[in-house]
There are 2 protein chains.
Amino acid sequence: MTNAVPNPEFVKPTISGPGAKLVSALSLAIHEHKLLPGTKLGEDELSEIFNVSRTVVRAALQALSHSELVELKRNRGAFVSQPTVREAREVFEARALLEPRTARSAAERMNEDALARLKAHIKAEHDAIAAGESGKALRLSGHFHIEISHIADQTTIAGFIERLVARSSLIIALYWKRQSALCEKHAHHALVDALGRGDGDEAEELMKSHLLDIVTALDLRDAPAPAVNLSDILTP
Amino acid sequence: MTNAVPNPEFVKPTISGPGAKLVSALSLAIHEHKLLPGTKLGEDELSEIFNVSRTVVRAALQALSHSELVELKRNRGAFVSQPTVREAREVFEARALLEPRTARSAAERMNEDALARLKAHIKAEHDAIAAGESGKALRLSGHFHIEISHIADQTTIAGFIERLVARSSLIIALYWKRQSALCEKHAHHALVDALGRGDGDEAEELMKSHLLDIVTALDLRDAPAPAVNLSDILTP
DNA sequence: GTGCGCAAAATTGTATACAATTTGATTTTG
DNA sequence: CAAAATCAAATTGTATACAATTTTGCGCAC
């Protein structure tokens, strides 16, 4: 069965043709933490798996690098990005700057259709958790924020938020405190409530504290990134 | 003589090797309004001008499309982007959201070196205007905002602002009211003053009104579109 | 046994050839 | 004469071949 959410894609169609499938599949896998930060994405490997030439693989990897999910190192290859602690802090500072205001706008532009989409989204999150599909649940919880930004109807800012959410997924993979449970369930539910009532003040406040909660569940001391490739770190 | 400004590049090194030159040259030409929105960027044409294969031209065009300076249309080719009126409004709304706050941060992190760079920047703008190089002046005036965002030391947000400034350049090419003079001279000078004094409140306020001034000088009602000959402008 | 150096293998970078699609002009047809 | 159909030229999309670079592994000296 396919996703219950209208648009399951994170990466906008910056690329078309056969490469689009590759971009979708890779970004999906990264968002669901099936591909972990540091994983090498070899060109031959991918071209064989997807039955396309290296030309389109390279185009897809370049596209992913521009959305910052993948890092390209010249003559070395493509790797799933490994945001640093500093980048992690910056990403959530940027989200704190953009998203609360965006949630307010969304509340002001709310309508029946949008509310239905959000509720369906939360249900999908629920179902994924119930089914034990933690990767999918994680991806959906990120996508929830994107959905709100789309309701706010600010395409440009929504694009920024998409990038930040994508990066957040990598950050969570690297810095999430294992002991703290990921229970965005209540926060998202409360947000949908506020949005449904058109309560911009509350939506803004809820989003602010929700983002703070997420950061609190991260371990952003100088924790070394669990690198797959040690040589990247040990050789200057 | 080369630029007096430390980093004349707008597009970050998302691409390396021979293609980097191409990206630099094209983004420079676009920022200086030598290549106007809607201009077609043919692959053969560029590969001949820069003496590289179409492979690297395509990579460069893809990079430019991800920074939204260029729009790729499948089976049609690459064109200098033509932001719509709606996009234009969104871009300046996003700038209004990000830049005043960023100017405040910059004021708080100001130091001797940064102040010197900003003053050198303003001087370069001055000189370009005096020399009648309006394209260069325009590019520098955009880069001034990027310089401030770098001083604020928020790489992620700085990246967003870079994209917005790039897009603004296209917007100005399309929607600038000819009658209104572009005199960012005073605004930029006042900003540097406030920043130099570490006056965050004033810097934030000045940036806000400065951005408003720019929008006011735009005619965001309709949109014509010009075009141009490539080989007349580009020389590697 | 450790470290260095060199050569082979693997991988990425670039160029070129060919396929698919669009474009524009010319011809055909009502 | 206008509109539609068509065919050739031009342009982009994709695959493959070759070059450059990095990685790997073996052998040798110390």
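Given the structure is predicted, the values throughout are model-derived calculations rather than measurements. All values below come from the heavy atoms of this structure, side chains included, with hydrogens, waters and symmetry mates left out. Each chain gets a letter, A, B and so on, in the order the sequences are listed, and its residues count up from 1.
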- Item | Residue Ser53(B), side-chain atoms from C-beta onward, closest of dA15(D), dG13(C), dT14(C) | dT14(C)
- Walking DNA chain D from its 5' end, the first of Val56(A) and Arg74(A) to be reached, judged by nearest nucleotide, is Val56(A)
- Looking at the rings of His145(B) and His121(B), which for Trp means the six-membered one, are their centres under 6.0 Å apart? no
- Length of the CZ-C1' vector between Phe79(B) and dT11(D), whole Å: 10 Å
- Item | Test item: side-chain donor near acceptor, His188(B) and Ser141(B), under 3.5 Å | no
- Query: Atom CG of Asn75(A) to atom C1' of dA19(D): distance rounded to whole Å?
  - Reply: 12 Å
- Message: Of the listed nucleotides (dA15(D), dT11(C), dT14(C)), which one gets closest to any side-chain atom of Lys40(A)?
- Response: dT11(C)
- In whole Å, what is the span from the CD atom of Glu43(A) to the C1' atom of dT21(D)? 13 Å
- So what does Arg76(B) touch, heavy atoms closer than 4.0 Å: a base, only the sugar-phosphate, or nothing? sugar-phosphate
- How close or far is atom P of dT23(D) from atom CG of Asp44(A), stated in whole angstroms? 16 Å
- Item | Rounded distance (Å) that lies between atom C1' of dT14(C) and atom CZ of Arg54(A) | 10 Å
- Return the value, rounded to whole Å, for the distance between atom CZ of Arg58(B) and atom P of dT16(C). 16 Å
- Contacts of Thr55(B) and Leu41(A) projected onto DNA chain C by closest heavy atom; the upstream (5') one is Leu41(A)
- Between Glu48(B) (CD) and dT11(D) (C1'), how many Å, whole number? 14 Å
- Query: Does Lys73(A) count as lying over the ring of Phe79(A), i.e. NZ or CZ under 6.0 Å from the six-ring centre, within 45 degrees of the axis?
  - Reply: yes
- Is the closest side-chain donor-acceptor distance between Glu87(B) and Thr84(B) under 3.5 Å? yes
- Starting at CG of Asn51(B) and ending at C1' of dA15(C), how long is that distance when rounded to a whole Å? 13 Å
